[in-house]
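Remarks on the structure that follows.
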Amino acid sequence: MTSSFSAWFWSDRFWLPENVSWVDLEHPPPGVEYPRVGDILYALPLAVVVLLLRLLFERLVAKPCAHILQIQAGVHRQAQPNAVLERVYQSKTCPDTKQLEGLSKQLDWDVRKIQRWFRIRRTQDKPSMQKKFCESMWRFTFYLGIFIYAICHLWVSPWMWDTRQCWFNYPFQHQTPGQYNHYVAELAFYWSLMFSQFTDIKRKDFIIMLVHHLATIILITFSYANNMLRAGTLVMCVHDASDIFLEAAKLANYAKYQRLCDGLFVVFSISFFLTRLVIYPFWIVYSVLFESWEIVGPYQAWWLFNGLLLVLQALHIIWFYLIARIAIKAIFKGKVSKDDRSDIESSSDEEIYSSCTKNPSQTLKPKYSTDTGNLNGENHQH
């Protein structure tokens, strides 16, 4: 039964262009390597390794850096123990008026005292600035490292400069070690984000990020399986570019280097617009939609891949709308207000400039604000 399901799932007719079969890809010419589906599965155990590396990195590198920058873990005020209120809190952190009145009668407490208890309890669950700093430093390090690696092997690749090269002789294209390493590293990282999303700082756009991570994992896995590596590495490289500046801006904000944070946010906004709303749709998606149609022709999986690429593009537009809205508020109000999303794509649940609103002298000039929220905040969002 397993073999029949596998044969149905990996149907030549669905995954490959016309007149091409998996058998054709099993026996490459001497000196040529084609991707094998089993090879990409190494990303799953590697994702566990990535999680362990993250724990070590945060403890041995990020925390000492936080101490040097005087970013303390901080201790929140503890709410008075109360089993009834705790039970309600676990199901609803902000009870409505009716619930508050019922609790007031049940406990013989004043409504304002119950509201205060819930406020303290919510604050108690907020992650410390140090935790946010460590999480952002890990992501910054990964994005910077993988982007540099990608640029090094893509710079000498002809398909970076002429995207039509992605489709000549497709799918009989040699897989280089650089492409394989890039794919496995990215897939392992996104699997680790999927796992850690349930334990990391709680984010406002949890569902959006879940959709993003799932679409990314599916795209990486299946584009590897049918040897769409050239276009795939371009997509991953473009996505990583702006994330570097986002995480750098958050680090600067946590360290209270506000001018640096403001400048990095401007760079992030520009790079996000150029990479996600210009280069990605008009260079890469255009190539996968139109150049591949012209050179290879459409097949069933072609529609799946293009659909997922367009899902990512829709998310880019939503995120850029949130970034632009923050920037517009900064221009007209002279300060950044609470953001609806909190961080973009790989971000934390922060409201970027809550610290600024507490200290008006540090508020952003009426030009910009940080990425979707407070680079500090509490509620977030790859």
Side-chain angles (χ1 to χ4, degrees), residues 55 58-59 62-63 66-67 69-136 195-210 250 253-256 322 325-326 329 333 335-344 347-360 362-363 369-381:
L55 292 174
E58 289 185 355
R59 175 167 294 188
K63 275 192 178 179
H67 287 310
L69 294 169
Q70 298 182 341
I71 302 171
Q72 303 301 322
V75 179
H76 292 303
R77 181 181 170 188
Q78 300 295 301
Q80 177 184 340
N82 187 295
V84 174
L85 295 180
E86 184 65 31
R87 195 160 48 246
V88 175
Y89 178 83
Q90 293 305 321
S91 60
K92 193 171 185 180
T93 57
C94 294
D96 55 33
T97 306
K98 200 170 185 180
Q99 287 175 305
L100 288 171
E101 289 173 353
L103 290 168
S104 177
K105 291 176 183 177
Q106 183 180 350
L107 298 172
D108 195 24
W109 281 20
D110 183 73
V111 170
R112 294 187 66 181
K113 182 177 180 181
I114 296 173
Q115 288 175 322
R116 192 181 308 117
W117 187 95
F118 276 95
R119 187 166 58 250
I120 295 170
R121 185 66 183 81
R122 286 193 298 271
T123 303
Q124 190 177 315
D125 279 352
K126 288 179 183 178
S128 68
M129 197 70 74
Q130 187 181 98
K131 180 175 173 58
K132 295 175 187 176
F133 178 89
C134 292
E135 180 181 309
S136 287
F195 301 150
S196 64
Q197 191 170 356
F198 297 93
T199 58
D200 278 345
I201 298 167
K202 186 166 180 66
R203 316 200 184 278
K204 288 181 179 177
D205 55 349
F206 177 88
I207 298 299
I208 293 178
M209 288 311 302
L210 191 64
K250 287 158 63 178
N253 188 67
Y254 298 146
K256 294 185 170 38
L322 294 172
R325 196 167 72 170
I326 298 272
K329 284 182 181 178
K333 295 184 180 180
K335 66 178 181 180
V336 179
S337 58
K338 213 172 177 185
D339 172 40
D340 294 326
R341 172 199 189 265
S342 88
D343 275 357
I344 287 265
S347 52
S348 59
D349 56 82
E350 304 142 337
E351 298 155 339
I352 288 183
Y353 287 116
S354 62
S355 58
C356 294
T357 58
K358 290 176 186 173
N359 185 352
Q362 290 182 342
T363 301
S369 123
T370 336
D371 172 17
T372 54
N374 269 336
L375 283 175
N376 260 331
E378 293 136 27
N379 272 38
H380 164 15
Q381 136 223 120

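Side-chain atoms are counted along with the backbone in the values below, which use heavy atoms only and exclude waters and symmetry mates.
Residue pairs meeting the salt bridge (charged side-chain N to carboxylate O under 4.0 Å, His left out) criterion with at least one member in residues 87-96, sequence neighbours excluded: Lys92-Asp96.
Counting only heavy atoms from C-beta outward, the side chains of Lys63 and Gln130 approach each other to under 4.5 Å. By the 4.5 Å heavy-atom criterion applied to side chains, Cys94 and Phe118 are not counted as neighbours.
With Ser136 contributing its side chain and Phe133 its backbone, the two residues share no donor-acceptor pair below 3.5 Å.
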Name the atoms and distances for all side-chain donor-acceptor pairs under 3.5 Å in residues 106-116, with sequence neighbours left out.
residue: Asp110; atom: OD2; partner: Arg112; partner atom: N; Å: 2.9

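Glu86 is linked by a salt bridge (charged side-chain N to carboxylate O under 4.0 Å, His left out) to Arg121, counting only residues two or more places apart in sequence or in another chain.
The environment of CD in Gln90 is crowded: more than 12 heavy-atom neighbours from other residues, nucleotides or ligands sit within 6.0 Å.
Classification of the Tyr89-Trp117 ring pair by plane angle, with boundaries at 30° and 60°, yields perpendicular.
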